[in-house]
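What follows is a set of notes on a single structure, which appears directly below.
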There are 2 protein chains.
Amino acid sequence: MAGKGKVTVIDIARAAGVSKSTVSLVLQGSPLVSEATRIKVNSVIRSLGYVYNRGAANLRQSRSRIIGIVVNDLTNSFFAEMAVGMDNIVESAGYIQFLAHTGENLDRQRAVISTMHEHGIAGLIVSPAHGTDPDDFQPLVDAGIPVVFAARYVSGPHLSSLVSDNAAGLAMVVRHLAGMGHRDIAFVGGRPDISIFTERLGGFRRGMDEAGLAVRDQWVFPALPSRAGGREAVGALLASAQRPTAIAAFNDAVAFGVCDGLRAAGLEPGRDVAVTGFDNVIEAASTVPALTTISVDPHGMGQKAAQLLLRQIGSAPAPEHIVTPVRLVVRASCGAGQANTRIQEISA
Amino acid sequence: MAGKGKVTVIDIARAAGVSKSTVSLVLQGSPLVSEATRIKVNSVIRSLGYVYNRGAANLRQSRSRIIGIVVNDLTNSFFAEMAVGMDNIVESAGYIQFLAHTGENLDRQRAVISTMHEHGIAGLIVSPAHGTDPDDFQPLVDAGIPVVFAARYVSGPHLSSLVSDNAAGLAMVVRHLAGMGHRDIAFVGGRPDISIFTERLGGFRRGMDEAGLAVRDQWVFPALPSRAGGREAVGALLASAQRPTAIAAFNDAVAFGVCDGLRAAGLEPGRDVAVTGFDNVIEAASTVPALTTISVDPHGMGQKAAQLLLRQIGSAPAPEHIVTPVRLVVRASCGAGQANTRIQEISA
DNA sequence: CATCAGATTTGGAACGTTCCATTTATAGGT
DNA sequence: ACCTATAAATGGAACGTTCCAAATCTGATG
């Protein structure tokens with residue numbers, strides 16, 4: 001309640017008639033202080049409106065409780081959910097997070113990382129922007145600060161990662177579509193310069209191969225990994241001589257765009273053309289038609305990534321690379337019957 | 001590149017043959033130091049791999065460059081975009097942000113706010129959780145830390161706010177629907193315990209009144225402010241004796257749910273029943289049918305809120321309350337013709 | 001050559017905590 | 001009464017910076 005000058009541990013000590021060291025011990029819940037003084041000190045702390053200065057504390061102990069989280073695109077609900085998953089774990093482990101959005105801008109990302117370093121983070125989780133140079137993390141690694149990549153991945157020494165099994169996911173999609181009788185399947189969306197695209201396309205090819213189907217080059221159609229990208233791409237695709245009967249989209253956002261584009265061309269997704277996504281964002285369950293997709297549980301991935309980081313903060317940082325399994329969620333958009341769909345949705 | 005012990009300003013001083021004070025001056029770009037020494041010191045800084053310790057710095061200056069941002073729900077793209085808008089401004093003003101997600105949990109919110117206080121934030125922007133007690137911010141206010149509410153609003157002394165003109169928005173929607181000949185208009189979604197609901201419903205009533213239309217109580221239908229909420233609500237609404245010809249939804253998410261629900265009942269949104277939203281989230285432009293909605297530009301709101309906060313950090317914090325104007329964006333979902341729609345979309 | 005103004009540079013003393021080595025108090029045993 | 005072991009409390013020093021007042025350096029001036 002004091003005016004300008006902040007209340008410090010010394011003020012508390014004076015008011016409680018003990019030394020500042022004792023106050024410090026109370027603050028960190030040490031068992032070395034007697035019950036009586038603990039109570040007295042705590043009451044003074046409350047009545048003076050003291051607020052702990054963590055900056056000063058970890059200047060001395062040089063170990064902070066701040067975790068940096070850098071996300072390429074928070075407006076993409078996949079990454080937003082992942083960030084929330086991280087937040088849950090980080091927060092309940094008694095840490096607090098610096099969260100920054102880079103918007104795929106490398107300079108921004110570099111700036112953000114070094115500012116975080118200057119603030120003394122205990123660890124860093126990054127979903128890196130396109131074209132990220134692993135050297136950007138070297139200063140952190142040199143300082144013994146663990147770094148974990150999530151969702152996306154850049155390889156470098158002493159860097160950990162947690163990504164989902166992109167290839168397996170697309171192979172599952174293709175297997176399912178082939179099982180439903182589709183032979184003409186297109187792959188739409190994504191930018192060839194990122195690892196995820198290569199992995200998913202690889203899975204697509206593997207799935208086609210296993211099903212004994214040929215991949216038509218003009219049906220592998222890169223596009224912006226957004227709703228708009230999907231919508232545009234499908235326009236071009238429908239203009240081609242022979243039309244695919246099924247479209248495996250790079251992710252859910254693209255898949256929604258593909259549905260928009262099909263409707264705009266008078267085709268009903270799910271009935272006239274099968275459409276599948278990847279990510280299983282929340283909306284996937286509730287759009288019409290509900291989207292068949294690969295569930296990668298961004299929230300869970302965020303949690304796992306945070307747990308991985310916390311593990312590394314404690315011990316000597318031995319880098320780990322985790323690939324999380326994915327799961328096919330069948331809904332109406334791939335042409336599965338309504339009844340079937342409803343059941344699957346509930347299980348999702 | 002040194003081993004464990006961090007490189008400090010003293011190491012730099014020694015290596016460059018100057019005093020630590022001089023190094024400090026170089027660090028903060030002071031004009032008092034000669035060009036020659038500046039260059040020498042800078043080169044030593046680079047070669048030793050020095051990293052500035054902001055914690056130590058603002059222990060001394062007791063003014064930090066950290067801004068706290070607390071958001072009720074990051075997975076809602078409206079708030080996510082708003083957070084990104086804040087990030088842009090905060091970042092380019094040379095600040096860094098603590099960003100936390102409360103998930104509408106009051107305890108979490110309280111915990112997060114006090115941790116941020118302990119870390120010494122320069123200011124705080126909050127999109128408060130339901131039922132937030134303004135007293136929770138008293139310690140910050142007492143410490144002279146400016147607090148700005150964004151999107152949602154809790155009134156209290158010395159607290160600023162920036163909200164959009166919810167009432168005007170819904171009144172505009174109703175005026176437009178009435179102008180298109182609709183007389184039976186329902187209001188769907190939102191929880192009555194938050195200020196936004198009251199404001200929007202108030203605007204709805206005002207609009208109906210001005211158009212000389214009656215509000216039917218059974219057509220004011222609160223529901224969870226989510227896609228799922230909208231979908232459920234519309235089911236109940238369609239079961240009623242007389243059906244509305246237009247549905248003004250609480251927000252875009254609800255509107256999408258309403259569209260889903262209509263389709264599930266065999267009705268085509270935009271053709272059979274007019275649907276409108278509120279927020280103008282990115283997807284609103286690209287869904288089919290494109291959604292008529294109120295544009296509140298979350299990104300811009302985030303930016304404005306951040307600017308408001310920065311203004312207050314500089315000067316004596318005189319609380320401000322800003323109501324940002326909103327704009328009607330007419331698209332296909334309210335039954336406007338396709339041609340018209342396309343033009344409007346571009347202007348949006 | 002002494003003086004002075006301006007430009008540079010510099011030693012400490014802070015900032016608010018933690019930690020270590022000591023001191024002081026308490027109680028139990030002979 | 002004395003010693004000892006344990007419990008509780010305490011005074012600095014340290015963490016890495018900034019800031020102030022004071023010191024030093026540079027030429028130019030008379």
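Each chain gets a letter, A, B and so on, in the order the sequences are listed, and its residues count up from 1.
- Rounded to whole Å, atom C1' of dC20(C) lies 15 Å from atom CD of Q61(A).
- For R152(B) and E104(B), the salt-bridge test passes: some basic side-chain N is under 4.0 Å from an acidic carboxylate O.
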How far apart are the C-alpha atoms of T102(A) and N72(A), what are their side-chain angles, what is the distance that settles it, and do they pass the side chain to side chain donor-acceptor pair (under 3.5 Å) test?
-> CA-CA 5 Å; T102(A) 62; N72(A) 56 301; over 6 Å; no
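- In this structure, CZ of R14(B) is placed 12 Å from P of dG11(C), rounded to the nearest angstrom.
- Every residue two or more places apart in sequence or in another chain that forms a side-chain contact (heavy atoms from CB on, under 4.5 Å) with R14(B) is listed here: I10(B), D11(B).
- In summary, D87(A) and R108(B) engage in a salt bridge, as defined by a charged side-chain N under 4.0 Å from a carboxylate O.
- Electrostatic pairing of E118(A) and K6(B) does not count as a salt bridge here, judged by no charged N lying under 4.0 Å from a carboxylate O.
- Take Q61(B) and apply the side-chain contact (heavy atoms from CB on, under 4.5 Å) test, not counting sequence neighbours, and it matches N58(B), R63(B).
- Contact annotation for R63(B): backbone-only contact, meaning every heavy-atom pair under 4.0 Å involves sugar-phosphate atoms and none involves a base.
- Judged by distance alone, the side chains of N88(A) and H101(B) never bring a donor and an acceptor atom under 3.5 Å apart.
- Atom C1' of nucleotide dT9(C) and atom CD of E35(B) are separated by 16 Å, given to the nearest angstrom.
- Residues that satisfy the side chain to side chain donor-acceptor pair (under 3.5 Å) test with S24(A), not counting sequence neighbours, are Q28(A).
- Rounded to 10 degrees, the angle separating the terminal helix axes of the helix from dC1(C)-dG30(D) to dT30(C)-dA1(D), each built from five base pairs, is 70°.
- Taking the six-membered ring where the residue is Trp, the centroids of Y153(A) and H321(A) are separated by under 6.0 Å.
- Nucleotides of DNA chain D lying under 4.0 Å from heavy atoms of chain A occupy a range whose first and last members, 5' to 3', are dA8(D) to dG16(D).
- If you check residues 18-28 of chain B against DNA chain C, the residues with a heavy atom closer than 4.0 Å are V18(B), S19(B), K20(B), S21(B), T22(B), L25(B), listed by number.
- Taking the side chain as every heavy atom from C-beta outward, F98(A) and I96(B) approach each other to under 4.5 Å.
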